[in-house]
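Encoded as structure tokens, the structure appears first; notes follow it.
Chain naming here is simple, since letters A, B, ... match the order of the sequence lines and numbering starts at 1 in each.
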Amino acid sequence: MRMSRLYLPTLKEIPAEAEIVSHQLMLRAGLMRSLTAGVYTYLPLGYRVIRKIEEIVRQAMDESGAQEILMPVIHTAELWKESGRWDRFGPLMIKFEDRKGREYCLGPTHEEVITDLIRDEIRSYKDLPLNLYQIQTKVRDEIRPRFGVMRGREFIMKDAYSFDRDFAGLDKSYQIMYDAYTKAFANCGLEVRAVEADTGPMGGKDSHEFMVLAEAGEDEIAFCQQCDYAANVERAEAGFKAQEDNEEMKPLEKVKTPGQKAIDDITAFLNTEAGKTIKSLGLLADGEPVLVLLRGDDQLNEIKLKNYLDVLELTPVADEDFTEYFNSVAGFIGPVGLKGVRVVADLRVKSIRNAVAGANEEDYHYLNVNPGRDFQVEEYVDLRMVRAGDRCPRCEGSLEIKSGIEVGHIFKLGTKYSESLGATYLDENGKEQVIVMGSYGIGITRLVAAAIEQHHDENGIIWPKAIAPYQVIILPLGKGKAEELAEGLYEKLKAAGIEVLIDDRDERAGVKFNDADLIGIPLRITIGSRALERGVIEAKIRRTGEQIDIPLVEAVDGVLDLLEKIE
RNA sequence: CUAGCUGUGGCGCAGUUUGGUAGCGCGCUGCCUUCGGGAGGCAGAGGCCCCGGGUUCAAAUCCCGGCAGCUAGACCA
């Protein structure tokens with residue numbers, strides 16, 4: 001492609017709206033432009049990268065036995081009501097009516113549509129297993145779209161859905177997708193880690209997220225420094241050993257602690273440490289009051305609690321309602337003497353000795369509170385947020401926490417949708433069985449941003465070769481012979497099947513160099529009189545900065561050889 | 001949704017405090033010079049100052065009400 005004709009509006013300055021590197025570079029390098037928050041037009045260079053990634057993903061999916069289809073963007077409300085998600089997904093969906101007043105939404109995901117599709121077609125165990133996928137634009141009215149294409153309201157996604165006879169079959173299908181994903185990301189030239197994840201509103205059993213490690217990531221991941229344990233902090237556990245604290249139990253004592261409500265206040269006031277306090281949180285779980293106990297130095301992981309209680313919503317009880325729900329006082333609530341309330345405690349609470357806890361009386365706390373002696377808890381479960389330095393749940397190693405960008409997510413859905421939508425088959429015995437499902441997503445456009453987050457420097461993008469919009473860029477400097485030779489090389493490389501750009505614009509050398517760096521083409525070939533006098537053309541590898549002279553007579557082969565070596 | 005910040009040529013911004021001619025840099029067009037890391041000169045084009053209402057002789061500027069963008073939180077495959 002000739003750059004003189006390429007629609008490539010590069011920017012010298014950073015647009016004010018862009019905060020993170022990938023967003024800035026996607027705008028500066030002329031990959032995309034925004035229409036409104038979270039909605040983008042992809043320009044020629046950007047769209048080429050998207051198509052590259054799509055093709056790599058498509059190949060991995062096809063090889064795994066999945067078959068490509070294309071489902072509608074417009075979904076009917078009745079189908080979503082049937083699955084029960086019309087209200088649950090609710091505000092995330094763009095909803096509208098047609099001229100007859102019938103309700104629709106734009107598809108935020110396609111479990112409903114695909115289940116509706118196959119429930120009519122799949123009748124026999126002979127039709128299973130089956131895996132169907134599509135690459136298509138999804139629409140979600142995100143509460144807060146941000147970071148460019150990282151969280152868009154409209155984005156391209158690859159979504160696949162597997163259908164099996166039973167859970168053993170699902171386990172197989174899931175593993176096949178897991179492997180296909182691993183391969184697809186590697187083929188894109190990205191370093192991606194699979195981590196255990198929460199299933200969220202998708203529902204289902206096991207789940208893994210595929211994370212590109214990057215500072216800009218919205219997710220936090222806990223890694224073991226020794227073994228391969230990795231999990232989203234939403235679900236990460238820490239190794240737990242019920243420690244025998246041999247400290248002698250001291251007698252319970254009530255002390256006046258005027259106005260000392262927060263853990264920090266208490267520890268300072270009583271000159272103790274947070275680990276020696278019991279943090280008591282009064283919450284409403286789908287409207288029902290629950291008292292949650294944690295060690296004072298731990299944070300509640302709300303997702304763990306929601307999953308344990310199997311509720312949708314957790315809200316703190318308002319200060320003035322503590323009397324009504326707990327017969328206690330905000331800031332001074334505690335487990336000792338509390339009656340008629342469900343109490344759930346984190347595992348680490350059980351072994352605390354001689355702790356500080358609220359006395360359920362304005363301006364009073366108890367000293368020397370001992371679980372088991374001073375109060376009883378039926379439900380001890382893992383509720384805390386892991387922290388860097390915690391012990392790994394699998395081995396003796398310790399956990400570290402890093403930011404990551406979720407570029408893929410796979411779920412074992414089980415029978416959630418097949419049951420609500422009635423997708424069944426007949427087994428060998430003619431008995432009706434519910435189809436077991438899995439779903440598997442890759443955020444294609446998000447992957448573009450993640451790739452940039454992982455591969456850039458101060459001069460611009462550094463595309464991995466596999467997803468670069470072009471592999472080679474030729475810069476002719478000056479008129480005459482250099483131009484002629486550049487044109488010749490351009491034609492020959494094209495003929496050899498290489499995707500090549502030639503910067504035939506009437507621009508100064510500096511402009512061409514800077515644009516070439518900015519748009520991140522892996523291999524740059526400069527043809528100018530200076531080197532031609534030595535009988536060579538100059539190659540520069542974008543990623544390493546390495547410069548190589550290629551003898552003019554071997555130009556084409558030299559470029560092809562170099563390309564082979566570049567990542 | 002809550003809070004904060006911001007809306008002025010394509011992009012980055014100044015001007016708003018104290019109302020009175022709409023400005024700068026980049027980019028764009030033409031000509032000349034220059035030509036290996038975002039050149040220089042000359043001459044130009046391009047603006048409903050986010051929208052609506054109000055105050056005033058006069059509003060980019062003051063007041064009221066919207067809308068949009070960004071950031072943080074909550075939320076979120």
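Nucleotides B:C35 and B:C24 are separated by 28 Å at their C1' atoms, to the nearest Å. Between B:G15 and B:U8, the distance separating the two C1' atoms is 9 Å to the nearest Å. With P as the reference atom, B:C62 and B:G20 are 11 Å apart, rounded to whole Å. Rounded to whole Å, the P atom of B:G25 lies 36 Å from the corresponding atom of B:C64. B:C11 and B:G69 have their P atoms separated by 15 Å, with the value rounded to a whole Å. Here the separation of B:G9 from B:C50, taken at their P atoms, is 7 Å to the nearest Å. Spacing of P atoms, B:C70 relative to B:C13, comes out at 14 Å, to the nearest Å. The separation of B:A45 from B:U29, taken at their C1' atoms, amounts to 7 Å, rounded to a whole angstrom.
B:C76 atom C1' lies 14 Å from atom CD1 of A:Ile94, rounded to whole Å. Between the C1' atom of B:A72 and the CE atom of A:Met150 lies a distance of 17 Å, rounded to the nearest Å. We find that CZ of A:Phe155 is positioned 15 Å from P of B:C76, with the value rounded to whole Å. The interatomic distance linking A:Lys12 (NZ) with B:C11 (P) rounds to 16 Å, in whole Å. What separates CG of A:Asp503 from P of B:G36 is a distance of 15 Å, to the nearest Å. What separates CG of A:Leu25 from C1' of B:C11 is a distance of 16 Å, to the nearest Å. Rounded to a whole Å, the CD atom of A:Glu234 is 14 Å from the C1' atom of B:A74. Counting to the nearest Å, the P atom of B:C1 and the CD atom of A:Glu142 are 15 Å from each other.
A cation-pi arrangement, defined by a distance under 6.0 Å to the six-membered ring centre and an angle within 45 degrees of its axis, is present between A:Lys402 and A:Phe223. Taking the centre and axis of the six-membered ring of A:Tyr174, the NZ or CZ atom of A:Lys412 falls inside the cone set by 45° and 6.0 Å. With a 6.0 Å cutoff to the six-membered ring centre and a 45° limit on the axis angle, A:Lys95 counts as a cation-pi contact of A:Trp86.
Using a 4.5 Å cut-off on side-chain heavy atoms (C-beta onward), A:Arg33 and A:Pro9 make contact. A:Leu305 is listed as a side-chain neighbour of A:Leu300, based on a closest heavy-atom distance under 4.5 Å.
A:Arg28 comes within 4.0 angstrom of a base, heavy atoms only. A:Lys138 comes within 4.0 angstrom of a nucleotide base, judged by non-hydrogen atoms across all strands. A:Phe147 comes within 4.0 angstrom of sugar-phosphate atoms only, judged by non-hydrogen atoms across all strands, and of no base. Contact annotation for A:Ile14: backbone-only contact, meaning every heavy-atom pair under 4.0 Å involves sugar-phosphate atoms and none involves a base.
Of the nucleotides present, B:A43 is the one that pairs with B:U29 by Watson-Crick or G-U wobble criteria, both distances under 3.5 Å. Across all strands shown, B:C35 forms no Watson-Crick or G-U wobble pair with both distances under 3.5 Å. Using Watson-Crick or G-U wobble geometry with both donor-acceptor distances under 3.5 Å, B:A72 finds its partner in B:U2. With a cut-off of 3.5 Å on both pairing distances, the Watson-Crick or G-U wobble partner of B:C57 is B:G20. With a cut-off of 3.5 Å on both pairing distances, the Watson-Crick or G-U wobble partner of B:C67 is B:G7.
The side chain of A:Arg146 lies closest to B:C75 when the candidates are B:G12, B:G38, B:C75. Checking B:G36, B:G69, B:A74 against every side-chain atom of A:Glu17, the shortest atom distance belongs to B:G69. Taking the side chain of A:Leu92 as heavy atoms from C-beta on, and the options B:C11, B:C76, B:C26, the nearest nucleotide is B:C76. Among the nucleotides B:G37, B:C75, B:G25, the one closest to any side-chain atom of A:Glu13 is B:G25. Here the side chain of A:Ala531 is nearest to one of B:C1, B:G36, B:C11, namely B:G36. The listed nucleotides are B:U71, B:C75, B:G37; the one nearest the side chain of A:Glu19 is B:U71. The nucleotide whose nearest atom lies closest to any side-chain atom of A:Ala37 is, among B:G38, B:C75, B:G69, B:G69. Checking B:G38, B:G36, B:C76 against the side-chain heavy atoms of A:Leu518 singles out B:G38 as nearest.
The side chain of A:Thr36 places no N or O atom within less than 4.0 Å of a non-bridging phosphate oxygen (OP1 or OP2) of B:A68. Within the structure, a side-chain polar atom (N or O) of A:Arg508 is placed less than 4.0 Å from OP1 or OP2 of B:A39. Contact annotation: A:Arg144 side-chain N/O to B:A72 OP1/OP2 distance is under 4.0 Å.
One distance of note links OG of A:Ser64 with CD of A:Gln175; it measures 12.0 Å at 0.5 Å rounding.
Using a 4.0 Å cut-off between charged nitrogen and carboxylate oxygen, A:Asp164 and A:Lys172 do not count as a salt-bridge pair. Comment: A:Asp298 does not engage A:Lys279 in a salt bridge, judged by the lack of any side-chain N to carboxylate O separation of less than 4.0 angstrom.
Looking at A:Arg524, its side chain comes within 3.5 Å of the base of B:G37 through a donor and an acceptor atom. Contact annotation: side chain of A:Arg151 to base of B:C76, donor-acceptor pair present below 3.5 Å.
Residue-to-nucleotide proximity on RNA chain B shows that, of A:Leu532 and A:Gly441, the 5′-proximal contact is made by A:Leu532. Comparing A:Ala18 and A:Glu406, the nucleotide of RNA chain B nearest to each residue sits closer to the 5' end for A:Ala18.
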